[in-house]
Amino acid sequence: MPVAKWNGVVLAKSDTYETVEGNIYFPPDSLVREHFKPSTTHTHCPWKGEASYFSVEVDGKTNADAAWYYPEPKPAASNIQGYVAFWKGVTVER
């Protein structure tokens with residue numbers, strides 16, 4: 001079961017997930033919401049669409065834009081709508 005952690009704290013855990021381009025995308029209901037803060041950052045992927053970001057907060061420390069998701073992906077990526085992936089030092093273990 002994949003688990004996402006940062007600074008030793010579990011951010012998400014689920015046996016249901018999607019893998020796209022080597023990234024594990026966790027379903028929205030698997031997130032420990034207290035650690036996620038909305039970000040104003042957005043990026044664009046030609047085939048997935050516009051990504052939105054969350055900053056991750058653990059024990060008073062912030063990892064800016066460490067999680068991303070596609071709220072309204074293009075049809076080719078509809079399987080990851082709302083699912084969240086991580087980077088910037090967040091570890092994902094299986």
Side-chain angles (χ1 to χ4, degrees):
M1 170 182 313
V3 178
K5 293 181 182 179
W6 186 62
N7 283 354
V9 174
V10 173
L11 304 175
K13 179 179 177 181
S14 181
D15 57 1
T16 303
Y17 59 92
E18 296 287 335
T19 303
V20 177
E21 297 178 329
N23 294 303
I24 292 178
Y25 284 78
F26 290 83
D29 63 355
S30 72
L31 305 180
V32 181
R33 289 281 177 182
E34 68 191 67
H35 298 300
F36 293 81
K37 304 297 177 206
S39 169
T40 58
T41 300
H42 298 277
T43 57
H44 184 78
C45 171
W47 74 272
K48 290 183 291 232
E50 186 170 321
S52 296
Y53 287 76
F54 290 113
S55 292
V56 173
E57 294 185 0
V58 172
D59 296 329
K61 296 177 184 172
T62 300
N63 189 344
D65 301 333
W68 76 90
Y69 64 101
Y70 292 88
E72 296 179 21
K74 291 184 176 185
S78 63
N79 61 313
I80 59 168
Q81 183 170 4
Y83 278 47
V84 177
F86 298 93
W87 67 324
K88 296 181 82 175
V90 175
T91 60
V92 177
E93 304 165 355
R94 289 190 194 201

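Just so you know, these numbers use all the heavy atoms, side chains as well, and skip hydrogens, waters and symmetry mates.
Proximity of a side-chain donor or acceptor of Asp65 to a complementary backbone N or O of Ser39 within less than 3.5 Å is not detected.
Counting heavy atoms of neighbouring residues, nucleotides and ligands inside a 6.0 Å radius, atom CG of Asn79 exceeds 12 of them. A 6.0 Å sphere centred on NZ of Lys48 holds more than 12 heavy atoms belonging to other residues, nucleotides or ligands. A 6.0 Å sphere centred on CD of Glu72 holds no more than 12 heavy atoms belonging to other residues, nucleotides or ligands.
With ring centers used as reference points, Tyr25 lies 6.0 Å or more from Tyr83.
Listed here is the closest heavy atom pair of Val84 and Phe54: CG2-CE1, 4.2 Å. Shortest non-hydrogen contact noted between Val10 and His35 is O-CD2, 4.0 Å. Pairing each heavy atom of Tyr70 with each of Cys45, the nearest pair is OH-CB, 3.7 Å. Of all heavy-atom pairs between Glu50 and His44, the closest is N-ND1, 4.0 Å. Here the closest non-hydrogen pair linking Trp6 and Gly89 is CD1-O, 3.6 Å. Here the closest non-hydrogen pair linking Ser55 and Ala64 is OG-CA, 3.3 Å.
In this structure, Phe26 is a member of the same hydrophobic cluster as Tyr69, with clusters built from ILVMFWY side-chain heavy atoms closer than 4.5 Å. One hydrophobic cluster, built from ILVMFWY side chains closer than 4.5 Å, holds both Val9 and Ile24. In this structure, Val58 is a member of the same hydrophobic cluster as Val90, with clusters built from ILVMFWY side-chain heavy atoms closer than 4.5 Å.
Using cut-offs of 30° and 60° on the angle between ring planes, the pair Phe36 and Phe86 is tilted. The aromatic rings of Trp68 and Trp87 lie perpendicular to each other, with more than 60° between the two planes, well past the 30° mark.
Side-chain contact between Pro28 and Arg33 is present, with heavy atoms from C-beta onward closer than 4.5 Å. Counting only heavy atoms from C-beta outward, the side chains of Tyr17 and Ser30 never approach each other to under 4.5 Å.
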So Leu11 and Val32, side chain to side chain contact (heavy atoms under 4.5 Å, CB included) or not? Walk me through it. CA-CA 5 Å; Leu11 304 175; Val32 181; 5.7 Å; no

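The line from CE of Met1 to OG1 of Thr16 is 8.5 Å long, rounded to the nearest 0.5 Å. Here Arg94 contributes atom CZ and Thr19 contributes atom OG1; the two are 5.0 Å apart, rounded to the nearest 0.5 Å.
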